[in-house]
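Here the structure is a predicted model, which means the values were calculated and not measured. Atom set for the values below is all heavy atoms of this structure, side chains included, hydrogens, waters and symmetry mates excluded. One-based numbering along the sequence shown.
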Amino acid sequence: MRSVDEQLGRALAAAVRPAPVRVAIADAQGMLCAEDVVAERALPGFDQAAVDGYAVRSVDVQQAGAEPVKLPVVGEIAAGSRQPRRLQPGQAVKVVTGAPLPTLADAVVPVGYTDGHQARVTVVHPVPSAAFVRRTGEDVQTGDVAVRRGSPIGPAQVGLLAAVGRSKVLIYPRPRVSVISVGDELIDIDRTPGQGQVYDVNSYALSAAARDAGAEVNRVGIVPADARKLREVVESRLLLSEIVVIAGGVGGELSAEIAAVLGELGDVDTTRVAMHPGSVQGFGRLGPDAVPTFLLPSNPMSALIVFEVMVRPLIRAAQGKRNPHRRVISARLLSPVTSTKSRKGFLRAQLLRDDTNGEYLVQPLGTSGSHLLASLAEANCLILVDEETTEVAVGEEVLVSFLAQRG
């Protein structure tokens, strides 16, 4: 039986980042930057007022702390003004936030430091040089790297790209994931199931999980339990995918035939992994591009757990995430748990916070049955129980992996 770490290591070793593409900055949010974006102009591009007030020479108001200083107001500059203006010694120019400063002005006196007069302003508080001024290049100098390669592009990065005049940016695109469900018993959710038929849960649930992990998803849907037909579908998806996920490809009478047929496309390995639920699973690298391909259990809850443990980290690694794993913390058990000997347990639970001391608490959900999808829907974390532990008592500390999306 293969360890979880060994199986996950095989998957992560197959991570391939899609080739960078150039997109409009409005479409870059959530991606990783694939280039060093060098600023071709300073930000701000000119000295500008940081507040509404009066542009002055700081030397002309340095005595305002001892007694009020009166200065004639010789004009007004609005934001966006393109007409140059020169300030003479002993004068003030009224400015609004964002307005360019006149030549020789090195400070702005806020309106609150004055009597607000329009023609001859009285300044009652001195300001030092550069006070309330956004200096040229204060944020970004010409030639600075505004957004670095490998940085996640969020709202601030989009704003910075716009501020330095970039309409497009090179990004690493989302890895493309194809999701397939295998089984003659499966029908789509817009039909009424007959005797022995069940809805195709896996292609919907796993597609949602892949999308949540940051992938671009193609839900292929249902493929009959015919190994040759599955091979045709998989082969058609290999050229359009960075990852292929097949639910229902392991376990049962068809599994050996599926593994053999898919083996015609590359290396594929069906094995038992020391974890529960989802012990029986498969992984291979198929097609000329050695596309990572996962064979997951047909049971929806087991499939989602295997996806969480094995597939999600690969999607995150293919995006270039430095740490592709979920956040793990310690929490105190509110109810006892049992786990299968010699297998690492991934047990559904609710993570809580003690309001009195801030301690994390965790409440196990449901029984150990691998078919209980409803309890997984209620869970916001998984309790991680190592292979050597079969029982954990109330009050003991356990490791907990978040399921709630936290990047």
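- Scored by the side-chain hydrogen bond (donor to acceptor under 3.5 Å, both in side chains) test, Tyr172 finds Arg17, Arg149 as partners (sequence neighbours excluded).
- Salt-bridge check for Arg2 with Asp269: passed, with a basic side-chain N closer than 4.0 Å to an acidic carboxylate O.
- Using a cut-off of 4.0 Å between Lys/Arg side-chain N and Asp/Glu carboxylate O, Glu232 and Arg228 are scored as not salt-bridged.
- Here the OG1 atom belonging to Thr389 is positioned 11.0 Å from the NZ atom belonging to Lys344, to the nearest 0.5 angstrom.
- A distance-only check finds no donor-acceptor pair linking the side chain of Asp144 to the backbone of Ala146 [under 3.5 Å].
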In a table with atom names and distances, give each donor-acceptor pair under 3.5 Å that connects a side chain of residues 37-47 to protein atoms at least two apart or in another chain.
residue : atom : partner : partner atom : Å
Arg41   : NH1  : Val164  : O            : 3.4
Asp47   : OD1  : Thr136  : N            : 2.8
Asp47   : OD1  : Thr136  : OG1          : 2.9

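- Atom CG of Asp267 is surrounded by 12 or fewer heavy atoms from other residues, nucleotides or ligands within 6.0 Å.
- Checked by atom type and distance alone, the side chain of Arg316 pairs as donor or acceptor with a backbone atom of Ala213 at under 3.5 Å.
- Judged by a 6.0 Å distance limit and a 45° cone about the ring axis, Arg332 is not positioned over the six-membered ring of Tyr360.
- A distance of 8.5 Å separates CG in Leu296 from CG in Leu304, rounded to the nearest 0.5 Å.
- Using a 4.0 Å cut-off between charged side-chain N and carboxylate O, Glu242 and Arg176 make a salt bridge.
- With Val400 as the partner, the side chain to side chain contact (heavy atoms under 4.5 Å, CB included) test is satisfied by one option alone out of Leu382, Leu351, Leu347, Asn380: Leu351.
- Closest approach of Leu295 and Val268 over heavy atoms only: CD1-CG2, 4.0 Å.
- Residue Leu87 holds its CG atom at 7.5 Å from CG of Asp60, rounded to the nearest 0.5 Å.
- In terms of the side chain to side chain contact (heavy atoms under 4.5 Å, CB included) criterion, residue partners of Asn357 (sequence neighbours excluded) are, by chain and number, Asp354, Glu359.
- Note: Phe283 and Phe294 have tilted aromatic rings, judged against thresholds of 30 and 60 degrees for the angle between ring planes.
- Residues meeting the ring pair (Phe, Tyr, Trp, His ring centres under 6.0 Å) test with His117, sequence neighbours left out: none.
- A salt bridge links Arg22 with Glu35; the closest basic N to acidic carboxylate O contact falls under 4.0 Å.
- Remark: the backbone N or O of Val273 is paired with a side-chain donor or acceptor of Ser279 at under 3.5 angstrom.
- Ion pair Lys341/Glu387 not flagged as a salt bridge, since none of the NZ, NE, NH1 or NH2 atoms sits closer than 4.0 Å to an Asp/Glu carboxylate oxygen.
- Summarising the geometry of Gln350 relative to Leu365, their closest heavy-atom pair is CG-CD1, 3.9 Å, with the distance given to 0.1 Å.
- Checked against side chain to side chain contact (heavy atoms under 4.5 Å, CB included), Thr340 has the following partners two or more places apart in sequence or in another chain: His276, Arg343.
- Within the 3.5 Å criterion, the main-chain N or O of Val111 finds a donor-acceptor partner in the side chain of Thr114.
- The distance from atom CD of Gln281 to atom CD1 of Ile305, rounded to the nearest 0.5 Å, is 11.5 Å.
- Ion pairing between Arg85 and Glu76 fails under the 4.0 Å rule for side-chain N and carboxylate O.
- Nearest heavy atoms, Val179 versus Leu206: CG1-CB, 3.8 Å.
- Nearest heavy atoms, Val123 versus Ala64: O-CB, 3.6 Å.
- The distance from the CG atom of Asp200 to the CD1 atom of Ile189 is 8.5 Å, given to the nearest 0.5 Å.
- Looking at Ser81, its side chain never comes within 3.5 Å of a backbone N or O of Ala78 through a donor-acceptor pair.
- With hydrogens and angles ignored, the 3.5 Å screen pairs no side-chain donor or acceptor of Asn202 with any backbone N or O of Ala247.
- In summary, Arg134 and Asp139 do not engage in a salt bridge, as defined by a charged side-chain N under 4.0 Å from a carboxylate O.
- Within the 3.5 Å criterion, the main-chain N or O of Ser58 finds no donor-acceptor partner in the side chain of Ser129.
- Cation-pi contact between Arg312 and Phe307: absent, since separation from the ring centre below 6.0 Å together with deviation from the ring axis within 45° is not met.
- Looking at residues two or more places apart in sequence or on another chain, you find a side chain to side chain contact (heavy atoms under 4.5 Å, CB included) between Ala49 and Val95, Leu101, Val108.
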